[in-house]
Amino acid sequence: WRDRTEADVDRQLRQVLADDRAAGMDLAVPPLIRLTIVRVADDEVVLAWTSHHVLLDGWSTATVFAEVCELYAAIIGDRRPEPAARRPFRDFLRWLAEQDDGQAAEHWRRALAGFDSPTPLPYDRPPVEAHRAESTASVPVELGAADSARLRHLARRNGLTLNTIVQGAWALLLSRYGGRRDVVFGTTVSGRPAELPGVESMIGMFINTVPTRVEIPDSRRGDARDVVSWLRELQLEQSETRRFDVVALSQLQAWSDLPAGVNLFDSVVVFENYPIGDHTVPGGPRLLAADGVDTTNFPLALTAYVEDRLHLVVDYAPRLFDAATIERLARHLSTLLAGMGAEPERSPGELALLDERERRALARWSG
């Protein structure tokens with residue numbers, strides 16, 4: 001590599017990563033974890049770590065990476081490694097098998113009662129078959145530092161989480177696009193039961209996806225809730241749901257009023273908060289940057305995470321959506337989030353969806 005230009009190294013790296021993604025994963029063919037290392041300088045490498053999601057969730061991935069760094073530092077420092085003691089994943093599986101589904105069934109039947117038609121998405125090419133797991137294209141949601149700061153202030157001042165705010169904005173977006181006040185989308189939860197000691201340090205696949213049902217207030221019909229009170233209610237409902245979030249999606253489907261074979265939801269919100277590289281191990285490798293590519297089971301997914309500010313990315317299936325459609329959707333989501341931070345006293349239904357450029361165009365078209 002020393003005799004090659006930076007462009008050559010970059011080209012090789014892109015090809016290696018493309019080949020790795022193209023190789024895919026098959027549960028019937030081991031191994032389910034691959035590591036590819038590309039040296040780009042004397043003291044720098046790019047590590048492509050590919051694994052099947054059945055083995056690890058995001059929090060576990062960060063934990064494994066930290067332990068690998070500790071083992072590396074121990075080898076380099078000629079000392080005995082000090083890995084953390086962990087409960088085995090089988091303890092979680094045993095706990096899961098002992099749970100009574102009765103209360104969960106009662107909760108979810110009540111939560112989903114009357115929801116008999118899935119929330120529509122703005123497809124350019126509606127699916128003609130069940131959605132298959134596939135890699136997606138992505139569009140970032142551009143949220144400025146000032147808007148992000150206002151949302152953080154909104155959360156702190158009113159006892160809200162940024163996760164709840166993002167879920168509220170997604171619900172508003174789906175409501176406007178689909179013309180419905182009652183929407184359902186998926187929410188990814190940690191799936192680690194607080195009542196199981198040591199679960200936070202276990203390694204395995206814990207995350208689950210459960211439905212989130214949201215009703216949008218209609219001020220024209222006398223519903224005077226503002227953004228803050230509406231988000232507080234949403235957060236309270238989500239807190240209650242966490243007691244029943246280890247149920248399989250197939251069971252949830254059976255407990256709903258939807259016809260057999262119709263999905264409860266086709267979009268999902270993921271709030272990521274796992275700390276890859278946050279804790280540098282003395283003597284271990286230093287992480288300069290981390291990026292991830294997921295294969296998703298849903299046509300449309302919103303991923304949120306917090307660094308210097310709130311970041312959001314919309315992942316979508318290119319065979320179902322045009323890039324222009326998702327870019328417009330991302331702009332509208334950004335506008336809704338900005339409105340929530342700037343005007344939290346307004347009714348959610350009154351928040352602007354169109355940005356200034358679109359409003360000017362609408363004014364020209366309408367006269």
Between the side chains of Asn163 and Gln167, does any donor sit under 3.5 Å from an acceptor?
-> yes
Heavy-atom pair of closest approach, residues Asn208 and Val246 = ND2-C, 3.7 Å
Rounded distance (nearest 0.5 Å) linking atom CZ of Phe265 with atom CZ of Phe298 = 4.5 Å
Nearest heavy-atom neighbours spanning Trp230 and Glu215 | NE1-O, 3.0 Å
Apply the side chain to side chain contact (heavy atoms under 4.5 Å, CB included) test between Leu337 and each candidate in Asp147, Ile165, Leu172; give the one that qualifies.
-> Ile165
Return yes if a side-chain donor-acceptor contact under 3.5 Å exists between Arg180 and Ser117, otherwise no.
-> yes
Could you give the distance from CG (Asp223) to OG (Ser229), rounded to the nearest 0.5 Å?
-> 8.0 Å
Consider only side-chain N and O atoms of Ser256 and Trp108, and report whether a donor and an acceptor are under 3.5 Å apart.
-> no
Under 6.0 Å from the CZ atom of Arg110, do we count more than 12 heavy atoms belonging to anything else shown?
-> yes
Do you know the tightest heavy-atom contact between Gln235 and Thr161?
-> OE1-N, 2.9 Å
Atom pair CG (Asp43) and CZ (Arg286), whose distance is rounded to the nearest 0.5 Å = 8.5 Å
Indicate whether any N or O donor in one side chain lies under 3.5 Å from an N or O acceptor in the other, for Thr119 and Arg213.
-> no
From CZ (Arg156) to NE2 (His153), nearest 0.5 Å | 7.5 Å
Is there a salt bridge (charged side-chain N to carboxylate O under 4.0 Å, His left out) between Arg14 and Asp10 once you walk through the steps?
-> CA-CA 6 Å; Arg14 290 178 182 274; Asp10 182 66; 3.0 Å; yes
With the threshold set at 4.0 Å, does a side-chain nitrogen-carboxylate oxygen contact exist between Arg109 and Glu106?
-> no
Distance from Glu272 atom CD to Asp57 atom CG, nearest 0.5 Å?
-> 11.0 Å
Decide if atom CD of Gln103 counts as having more than 12 heavy atoms of other residues, nucleotides or ligands within a radius under 6.0 Å.
-> no
So, do Tyr305 and Phe271 have ring centers that fall under 6.0 Å from each other?
-> no
Would you check, one step at a time, whether the test side chain to side chain donor-acceptor pair (under 3.5 Å) holds for His332 with Glu358?
-> CA-CA 10 Å; His332 290 162; Glu358 290 172 314; 2.9 Å; yes
Separation of Leu329 CG from Leu173 CG (nearest 0.5 Å) = 4.5 Å
